Amino acid sequence: MMNWSRRHFLKNSAKALAAAAVPAAAYELLTPEILAAVRKGKGPRWAWVIDATKCVGCGMCVQACKRENEIPWETTASRTWVERYVVTTDGRVLIDSPNAARDGYTKNNPMGEQVPAEQIAKGFFVPKVCNHCENPPCVQVCPVGASHVTDEGVVLVDRSWCIGCGYCLQACPFGTRFFHPVHKTAEKCTFCYHRITKGMNPACVDACAFGVRKWGDIRDPNSEVSRIVRTERVTVLKEEYGTKPHAFYIGLDRIVR
Amino acid sequence: MPVHGEIWTIKELFVYPNENIVWSIQIVLYPYLTGLVAGAFVLSSLSHVFGKEELKPVTPFALVFSLALLLAAPLPLLFHLQQPQRNIHVLFTPHFTSAIAAFGVVFSVYAAIVASEVWFTYRQHIVESALSLRKAEGLPARLKGLLYRVLTLGSYDVSEKALKLDERVATVLAGVGIPVACFLHGYVGFIFGSVKANALWMTPLMPVIFIMSAVVSGIALCLFTYIVIMEIRVIFKRPSPWGPERGHPSAMPQRETDIQIIRIIAKYLVFFMILALSLELLDLVFHSYTAKKPYEILQTIIFDRFAFNIFGLQYGLGMALPFLLLLLPSLSIRRAFVASILILFGVFMMRWNVVIGGQAFSLTFSGYMNYQLPIIPHDLDTFKEGLAGFLLLLLLPFGLLWLFSRFLPLFPKKEKLSPLG
Ligand code: SF4
Ligand code: SF4
């Protein structure tokens, strides 16, 4: 009896050691993003790649999103928006996003201020979406489970179940959520779930003429997004909140909010 | 077409397009009311649990007030929901990673405890009233008798032994109730303290801070209401303003006793105020000492935009001044009365500064949101979450207290004392 159990113990320990050794080796080879991707098993895990260097601030994505997802045109809130950043030569930072950039940036008037071209040190646009976080606080705080995550990592709200408490609006560090003015429930970017599940692109992706927005399966090593995340220098917004955002940005500046 | 919150939010500098002050005046009121519930209950329990005999005369009153406040407490939450008719989902499909989901459970447990303690405390009165009104004439008296008969729940045993048991059960309930009351209110603090996106809210101290200020406000409210009722007694010169003794010849009210009790309550008040203040200051010091990334904007909120609110109204008028008023020797009823009002105001400002102050800066840390309370309602939102809805729910507990006092004497006469009164 004694012997058996000792042998049993040794055998099991050896097995456990071997099992531990394999992932330890794997960690050295794979990036955390890829590991996070394989962790949850099979099927796609959708993610964004947003190349901010290419954005011209035309606002076509915002218009497309509003039409596609029936967010009233006059509403200032939007599921996606584009921010304008202007840094002047004397170091001032001007940021705005009037009407969520629905009408595009056609004038040189950041924050309503005329800045002469020669006083602009740098300027750029940053499109924003829901990051479809891996660890979404918005879902964690929903008291009724109306906010939920699909198997593909898409964070959605069940309009028929949301009680409209606004807790998720408080919990999202990225300010992506608002109350739908008509439905009176929490509203957010759905990755155009109704489109992507039919094999189409999200509306904003199709609307962008400059290829700023890319989306795809981060678990598939051959997809464009996973190739970019693996081989290029990308970053995410507000990593310090630990939400593990799944919108990877190319060309963000440290002043981006 | 404005989204929810846009009507009362004025944005400054860079704020995300979807950001608005979505938690408004009702969410200021909600922790305020639950705090009063907890505080009133703690006061009512002190005499049972810690044997504070001197507080006995106010025990039933504080308990009934706690029940009245308790019934009103969920209403602000209901008023602020965008889909209030779905509130029951919180009970049916609670999602337990959410602090709000615990509400249904904690609240029901607590309500059951308070209601049963009220019942055990007043059982003798209920039974006696039911018996004396059995052969009453006239509809109102008959209805009253019926109500008392229902309230007896079929138990008419008022023997010495049964009353002893009542007292024991009430004591146990009071004991169990204290941690539950603290939990009820502590978890309200947790709702805020656990929002990691909000730099002002996120601190593990939040639940404890909430509990302490809850106890302070609850005791202050009892003091306030006690004095008001006592003064009414003096004015009408009868022992209990609404009690069943209505028609009896009056006895001169005993002001002496009153001031004694007031001084004792004031002592507890000062003690809890010190605790509350130390915790709040600790939190403030920590924010500024660790000065993490959001501190730059927090600083502008605390020391500039909300400086008057925080240091002038909350701490100055609502804390320091009443502290002095209560501590200066030979406390008078009038001084205690003023102090209790100031404290109630101060704790309300604390809730305001937490809830509105926490939403006064943007998640961008580069912009501000200013709150404008809707005064004149012009649609459902501006009624529910405006001054009108706020006042309605603020005054509701007093209405309920009045209603309850018609059946349960808040300050039973000496010879008619229930086992606990
Ligand atoms: S970006 Fe905000 S709304 Fe989207 S998943 Fe993350 S926390 Fe939730
Ligand atoms: S607003 Fe709706 S989705 Fe958001 S936390 Fe409340 S119930 Fe959940």
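Here is the naming used below: chain letters follow the sequence lines, and residue numbers restart at 1 for every chain. All figures in this text were calculated on a predicted structure; none of them were measured in a lab.
Contacts between Leu169(A) and chain B at a heavy-atom distance below 4.5 Å involve the side chain alone, from C-beta outward. If you measure heavy-atom distances from Trp161(A) to chain B, the contacts under 4.5 Å come from both the backbone and the side chain. Of the two parts of Glu187(A), neither the backbone nor the side chain holds a non-hydrogen atom closer than 4.5 Å to a non-hydrogen atom of chain B. Only the side chain of Val195(B) comes within contact range of chain A, with heavy atoms under 4.5 Å apart. Contact of Ser362(B) with chain A is not made at all, since no heavy-atom distance falls under 4.5 Å. In this structure, chain A has heavy atoms under 4.5 Å from both the backbone and the side chain of Leu13(B). Only the backbone of Arg159(A) has a heavy atom closer than 4.5 Å to any heavy atom of chain B.
The closest side-chain heavy-atom distance from Phe178(A) to Asn20(B) is not below 4.5 Å. Contact of the Ile163(A) side chain with the Val90(B) side chain is registered, since non-hydrogen atoms from C-beta on lie closer than 4.5 Å. Side-chain contact between Met1(B) and Thr75(A) is present, with heavy atoms from C-beta onward closer than 4.5 Å.
Listed here is the closest heavy atom pair of Pro143(A) and Ala101(B): O-CB, 3.6 Å. In this structure, Phe14(B) and Met111(A) approach most closely via the heavy-atom pair N-CE, 3.6 Å. The shortest non-hydrogen separation linking Pro181(A) to Pro2(B) is CB-O, 3.7 Å. In terms of heavy atoms, Ala171(A) sits closest to Ala197(B) at O-CB, 3.5 Å.
With values rounded to the nearest 0.5 angstrom, Asp96(A) atom CG is found 12.0 Å from Ser366(B) atom OG. Rounded to the nearest 0.5 Å, atoms OH (Tyr241(A)) and CE (Met202(B)) are 9.0 Å apart. Rounded to the nearest 0.5 Å, atoms NZ (Lys184(A)) and CG (Leu380(B)) are 8.5 Å apart.
Most heavy-atom pairs under 4.5 Å with chain A, from the set Lys293(B), His4(B), His89(B): that is His89(B). In terms of heavy-atom pairs under 4.5 angstrom with chain B, the leader among Val256(A), Val139(A), Asn99(A) is Val139(A). Of the listed residues (Pro72(A), Ala100(A), Cys165(A)), the one with the most heavy-atom contacts under 4.5 Å to chain B is Cys165(A). Comparing Ile27(B), Val3(B), Asn87(B), Asn18(B) by how many heavy-atom pairs each has under 4.5 Å with chain A, the most go to Asn18(B). For chain A, the option among Lys196(B), His80(B), Gln85(B), Gln359(B) with the highest count of heavy-atom pairs below 4.5 Å is Lys196(B).
Although no hydrogens or angles enter the test, the distance criterion places a donor-acceptor pair under 3.5 Å between the side chain of His95(B) and the main chain of Cys142(A). Remark: the backbone N or O of Asn198(B) is not paired with any side-chain donor or acceptor of Gln170(A) at under 3.5 angstrom. In terms of modelled atom types and a separation under 3.5 Å, the side chain of Gln83(B) and the main chain of His183(A) share a donor-acceptor contact. Side chain of Arg257(A) to main chain of Leu363(B): no donor-acceptor pair is present (N/O by atom type, distance under 3.5 Å, no hydrogens or angles).
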For Ile191(B) and Tyr167(A), what are the C-alpha separation, side-chain angles and deciding distance, and is it a side-chain contact (heavy atoms from CB on, under 4.5 Å)?
CA-CA 9 Å; Ile191(B) 291 180; Tyr167(A) 206 2; 3.5 Å; yes
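Within 6.0 Å of CZ on Phe383(B) lie more than 12 heavy atoms contributed by other residues, nucleotides or ligands. The number of heavy atoms from other shown groups lying within 6.0 Å of CZ (Phe286(B)) does not exceed 12. For CD of Glu74(A), the number of neighbouring non-hydrogen atoms (other residues, nucleotides, ligands) closer than 6.0 Å is greater than 12. Around atom CD of Glu12(B), more than 12 heavy atoms belonging to other residues, nucleotides or ligands sit under 6.0 Å away. Remark: Ile375(B) CD1 is packed, more than 12 non-hydrogen atoms of other residues, nucleotides or ligands lying under 6.0 Å away.
In this model, a donor atom of one side chain and an acceptor atom of the other lie less than 3.5 Å apart for Glu6(B) and Thr76(A).
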